[in-house]
Amino acid sequence: VDETTRKAACRGDRQAQSELLKALQDPWFRLCYGLLGNAEAARDATQESALRFLRALPNFRGDSQLRTWAMGIAINVAREMRRSARPVDAIRLAASAAASISPERQAESSEQAAMLRETIEHLPDRQKEAVLLRYFEDLSIEETAVAMQCAEGTVKATIHQALRSLKEHLRQLR
Amino acid sequence: MKELQKQLESARAGYESLKYPGDLGAEMLGQVNRPRRWIWLGGIGALAAAAAVTVLVWVNSSTVQQSTSPSVAVNPITSVLSSEQYTLSAIERPTRPEMPASPGAFPSRLGISRPTFQSVPSWDALMEQKSSETTTQESV
C-alpha cells in the first residue's frame, strides 16, 4: 500500500481504507489462525483487529511501518482472545480450518495447515508470536519487536528458544 | 538444521495457503458507519413514537368528550313530509334554541312585587264591633 493511500485512509477516505483492509485481511487472518489455532476465532480476531485499526488510524504517527503497526494490533487482539479462550475441540478446529479456504485447495491446504499447527502448536504463546512474525510474515527483528511491543533482545532470545524447542520436537518425532 | 528448515518451509506453505473468507473492507466499513446510521434510525423512531403517542392522546381525549356530551343520532332523521325537503345529517350539529323574548320561568325584576297585607283594625274599632254584636243578640 503506497503512502498516498495511507494518508487518504488516515483522512477517512473509505476507498483508501477499503484498500488497506484488503491488503491486511489475509496477513491478519493467518497470524490470528497461527496464534489461536481456530479459523472461527481467527476470523473474529481479524474483524476485531480491523475495527481497532480503523479507529486508531487517524492517530497513526508513522513511527513504524503501517503493516508492522497493524500486526501489533492483531497480536494484542489475539492475546486478549487467548486470555478468555475456551478449550478448543481438535475436530472442530480441523473442520473450520478446511472451511476457511477454497474447495479446490482444501485437501492440500488442510494438510499444510495441519503441518503448521503441528510445527508451532506446542510452542509457548510468545515463541509462537515471534516465529510467526519473523519467519512466516518476514518481519525484521526490529519490526517483530515493535509488533510484539518488546525489546529487540527479547525477540532474539525468544526466537532462539523457539528454534531450540522445534529442533527438540523434531528429534522426538523421529 | 536442514530438517528444521524443511519443517518450517512446509509450515510456512500451510500458513500462506490460509485466506480470510470474505471481504473485510465491505464487512468492516459498514460496521464502522453503523453507529451513525443507528443514531439516525433511533431519532426517526423516537419521533415516530412521539407522534403516535400524541395521536393516541388526542383520540382518547376526543372519545371522552364525545361520551360525556349528549349523544347525537347517528342515522339521518327524515321528516314525515319528504326526505328531500328536510334531512338532518348525522354530522350536523343541532341548532341552539333561541331564548324566548319574555321568559316564563323567571319573571323579570320589575314584575316582582311584595304581597299586600290587610290593614290591622284598631282596638276601639274592635270594641265597637263587639258591642254592636251583643246588642244585636239581645234584641234577637
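Computed over heavy atoms, backbone and side chain alike; hydrogens, waters and symmetry mates excluded. Worth saying up front: this structure is predicted, and the values here are computed from it rather than measured. Reminder, nothing fancy here: chain letters follow the sequence lines and each chain counts from 1.
By the 4.5 Å side-chain criterion applied to Ile, Leu, Val, Met, Phe, Trp and Tyr, Val57(B) is assigned to a cluster that also includes Val53(B).
Nearest heavy-atom pair, Ser18(A) versus Gly25(B), reported as atom, atom and distance to 0.1 Å: OG-CA, 4.3 Å.
No more than 12 heavy atoms of other residues, nucleotides or ligands lie within 6.0 Å of CD in Glu128(B), so this atom counts as exposed by the packing criterion.
In this structure, Leu133(A) is a member of the same hydrophobic cluster as Ile159(A), with clusters built from ILVMFWY side-chain heavy atoms closer than 4.5 Å. Hydrophobic clustering of Ile, Leu, Val, Met, Phe, Trp and Tyr side chains at less than 4.5 Å, counting indirect connections, keeps Val146(A) apart from Val131(A). In the hydrophobic clustering of ILVMFWY residues, with side-chain heavy atoms under 4.5 Å counting as a link, Met148(A) and Leu35(A) come out together.
Leu24(B) contributes atom CG, which lies 9.0 Å from atom OG of Ser49(A) (distance to the nearest 0.5 angstrom). Atom CG of Leu4(B) is separated from atom NE2 of His169(A) by 11.0 Å, given to the nearest 0.5 angstrom. If you take CG on Leu51(A) and CE on Met28(B), they are separated by 6.0 Å, rounding to the nearest 0.5 Å. Separating the CG atom in Leu166(A) from the CD atom in Glu3(B) is a distance of 12.0 Å, to the nearest 0.5 Å. Once rounded to the nearest 0.5 Å, the distance linking CG of Leu31(A) with OH of Tyr15(B) reads 4.5 Å. A distance of 10.0 Å separates CD in Glu9(B) from CZ in Phe136(A), rounded to the nearest 0.5 Å.
You'll find the side chain of Arg30(A) reaches within 4.5 Å of the side chain of Lys19(B), heavy atoms only. Side-chain atoms of Leu54(A) and Leu29(B), non-hydrogen and from C-beta on, do get closer than 4.5 Å to each other.
The aromatic rings of Phe29(A) and Tyr20(B) lie perpendicular to each other, with more than 60° between the two planes, well past the 30° mark.
At a 4.5 Å heavy-atom cutoff, Leu20(A) makes no contact with chain B through either its backbone or its side chain.
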Counting only pairs under 3.5 Å, give me each side-chain donor-acceptor contact of residues 59-78 of chain A, with atom names and distances, residues two or more places apart or in other chains.
residue, atom, partner, partner atom, Å
Arg61(A), NE, Asp63(A), OD2, 3.2
Arg61(A), NH2, Asp63(A), OD2, 3.2
Arg67(A), NH2, Glu137(A), OE1, 2.4

